[in-house]
Amino acid sequence: MISRQQRQQEQREWFMQVLDQDDLLIKDNTHWLRQYRKDARQAVNSLPLLNRKQEAWRYDHIEKLFENNFVQPDESTGGFTNVELYDNLLPPLTSYRLVFINGYYAVSLSNLEELHDGITVCSIGDAIHLMPEKLAYSFIYGHKLHKDKFSALNDAMFNDGVFINIDQGVHLDHPVEIVYLNTNHATSEDDRENLIQTRNIIFLHEGSSVQVIENFVSDQSENNKYFHSNVTEIYLDEGSKLEHYRFQDESRQAYHLSMLYVTQKKNSHYHSASLALGGAWARTEYKVNFEEEQSECDLYGLYAVGDEQLIDFHLDVQHRQPLCRSREQFKGILYGKGTAVFDGRILVDKHAQKSDAVLTNDNLLLVNDAEVNTKPQLEIYADDVKCSHGTTVGRLDKEHLFYLRSRGIAESEARKMLCQGFAEDIMMNIRNEELRLYMVDSLTRTLNAHNVSSGDNYGH
Amino acid sequence: MLNIKNLKVKVDNKQILNGLDLDVNAGEVHAIMGPNGSGKSTLSHVLAGRDGYEVTDGQVLLDDQNLLELLPEERAHLGVFLAMQYPVELPGVNNMMFLRESINAVHRARGEEELDTVEFLKLVRKKAALLQLDEKLLKRNVNAGFSGGEKKRNEILQMAMLEPRLAILDETDSGLDIDALRIIAQGVNTLRRPDRAIILVTHYPRLLEYIEPDLVHVLVNGRIARTGDKRLALELEKKGYGWIAEENAA
């Protein structure tokens, strides 16, 4: 039995060990970035250690992460060109594509041709070198992100990422697709545990719009173990609209942490849908801040959890101004001995009259020994609001199964159809037909591969 | 074609069917009537293979095959079709996709060719028109937001698509207004075939004015208490079920 003190010591050493690997790709050639990273390093050291007594980490078994010695992969990994490895991992999309191999920008696999005026899409590394002034907003005037240990670590250490800047009134014709392919095949030793930290900045100016797709994929080999920490900052200026889709199908050995910080101005709209299938441990945090009136956000998500997996969604939506609307709908399918965590917090400040918020979390248990921790939290300090929440944990309905079977559909197929049906009202919010079909297929493939159809533990 | 012998069924340890005998020949329409709680729905469900029924004795043969040892889907492959009294809504399952899965599953099991998209659409449109079912309903999720009448018509649409050997209509008339009843009855009448048997389970004789049965059986306390032709239904309309129960007890 390892004592709490030992755990804490292990964690302290883990962060120190990571900070020691500061041979970064992006050389800190601007003084503000140097300063930013320095502040962040200090924050990593001074912020409190994580433990399960903290509400945000209560169900996450975070100590498992700290048992691993993750190491930054070397730069050469970005030259990886084995297209076949990842080609079948990606949806067939028409897109502007940026590919990152183990966190390094892979120019030869990316496609940013024919971007028209008013649009900047490039790697953060390039942006820092070529247009540092455009990033300064985020790093200097923007939110200081280093408020918790992992985002501070990302601030201090990120390798690369994507910078998207859409000028006033510009609408992008195709989605920007960011592919994170994490693989051991690209590194010299194929049993090392990679540490991957990426950072994205998405800036939509007044009245602009774009669709952004993030694909987190990896080869599923046994020893593909790594930690990917990804921070995305999103600024939506007045009247702008971002559609943001996220697909996570990483190695069953992987640790995945995504932190999204969304800042919304008047009349802006953030529409997001996530599908989380992979990882040993995969956590996504959305922090949405309505800074001005009449903005809107929709957060949709679906997770499928199998044996030995933990998938966690943390939402923190802050209604700080009047007349804003938010929808949070997350659904989970638990098909193995795994754990799902859903923590959805909506804060309605006392100034935020006429706020409209609906938060739901529904879970479908296909086995008996899965664990669901669901915690919706509405904190309301205004008196004229329309807010509601609901959570459910249930099983496949026997009557539904019988209905399908009585029409000649075999039980295994019937179970699959009902699971897909359960997922449907999340999937329908993916407003990109090719991507939606791909995500539906991926879910089905995952459920098939893990023999969901053969279970017999449906409801009574 | 369908031979039921001495069927005894318990639900929650309570005896519901009590030695029921019934033979239905191909081409015939039989009505099974009876008061509430007489075992009508139990019979329908046992034939279709629904869970929760304990068969303690007896035999059910369809074309000399023992139905009771088959899974619900296997019975459907043999041609058993149950039009449900309370068709469930299937969240997120598209009606069109469901119909296609269903018909192709049955075709596959019978070693027949699957329908391609064009053939399927042609067939489903034809059958939907027969039942005056709005095509919009085909695009929705199964039974989601359907009215009572639409749900029942959707059941008969499935029957028309699957072309069953034995169709059991469990209180298909319940909750229908007269126009809906007429449309459904018309649909069922066009589905009468020399090689098909139909069992109408109903509480009310009204349905039998529209679908004329060859035989009428009255179920009391889990057994067939009386069998007659369609005049029996008229008699029941006038006198109710009480007299049969009394006669039976005597």
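Convention: sequence-line order gives letters A, B, ...; per-chain numbering from 1.
Among the candidates N25(B), L22(B), D23(B), D63(B), the single residue satisfying the side-chain contact (heavy atoms from CB on, under 4.5 Å) test with N3(B) is D23(B).
For S326(A) and E328(A), the side-chain atoms include at least one donor-acceptor pair closer than 3.5 Å. Residues Q420(A) and T444(A) bring a donor and an acceptor atom of their side chains to less than 3.5 Å of each other. A donor-acceptor pair shorter than 3.5 Å cannot be found between the side chains of H271(A) and H244(A). Remark: the Y245(A) side chain and the N429(A) side chain contain no N/O donor-acceptor pair separated by less than 3.5 Å. Under 3.5 Å, the side chains of S41(B) and D170(B) contain a donor-acceptor pair of N or O atoms.
Ranked by heavy-atom pairs under 4.5 Å with chain B, the list E424(A), E399(A), H400(A), R407(A) is led by R407(A). Listed options A410(A), A414(A), S406(A), G421(A) were ranked by heavy-atom pairs under 4.5 angstrom with chain B; first place goes to G421(A).
Contact residues of residues 141-159 of chain B toward chain A are V142(B), N143(B), E155(B), Q158(B) (heavy-atom distance under 4.5 Å). Of all residues spanning residues 66-76 of chain B, those with a heavy atom less than 4.5 Å away from chain A's heavy atoms are L71(B), P72(B), E73(B), A76(B), arranged by number. Of all residues spanning residues 93-118 of chain B, those with a heavy atom less than 4.5 Å away from chain A's heavy atoms are V93(B), M97(B), F98(B), E101(B), S102(B), A105(B), V106(B), arranged by number. Listed in order of number, the residues of residues 188-203 of chain B that approach chain A to under 4.5 Å between heavy atoms amount to none.
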message = Could you walk me through whether H256(A) and S258(A) satisfy the side-chain hydrogen bond (donor to acceptor under 3.5 Å, both in side chains) test, starting with their C-alpha distance in whole Å, then the side-chain angles of each, then the deciding distance to 0.1 Å, before giving a yes or no?
response = CA-CA 7 Å; H256(A) 170 109; S258(A) 276; 2.8 Å; yes
Working for side chain to side chain contact (heavy atoms under 4.5 Å, CB included), residues M427(A) and L275(A) = CA-CA 9 Å; M427(A) 298 294 189; L275(A) 174 62; 4.1 Å; yes
task = Take Y286(A) and H314(A), measure what ring pair (Phe, Tyr, Trp, His ring centres under 6.0 Å) needs, and give me the verdict at the end.
result = CA-CA 6 Å; Y286(A) 282 93; H314(A) 262 70; over 10 Å; no
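A salt bridge does not link K337(A) to E371(A): none of the charged nitrogens lies less than 4.0 Å from a carboxylate oxygen. Taking a cutoff of 4.0 Å between a charged side-chain nitrogen and a carboxylate oxygen, R327(A) and D356(A) qualify as a salt bridge. A salt bridge does not link E89(B) to R140(B): none of the charged side-chain nitrogens sits closer than 4.0 Å to a carboxylate oxygen. A salt bridge is defined here as a Lys NZ or Arg NE, NH1 or NH2 lying under 4.0 Å from an Asp or Glu carboxylate O, and R436(A) with E434(A) fails to meet this definition. With respect to D307(A) and R252(A), no salt bridge is recorded, no charged nitrogen being found less than 4.0 Å from a carboxylate O.
Contact of P164(B) with chain A is not made at all, since no heavy-atom distance falls under 4.5 Å. Looking at F422(A), only its backbone comes within 4.5 Å of chain B, counting heavy atoms on both sides.
Note: L435(A) CG to N215(A) CG = 7.0 Å, rounded to the nearest 0.5 Å.
In this structure, F247(A) and Y438(A) have perpendicular ring planes: the angle between them is above 60°, well past the 30° mark.
Cation-pi contact between K375(A) and F342(A): absent, since separation from the ring centre below 6.0 Å together with deviation from the ring axis within 45° is not met.
Between M1(B) and R165(B), some side-chain heavy-atom pair lies under the 4.5 Å cut-off.
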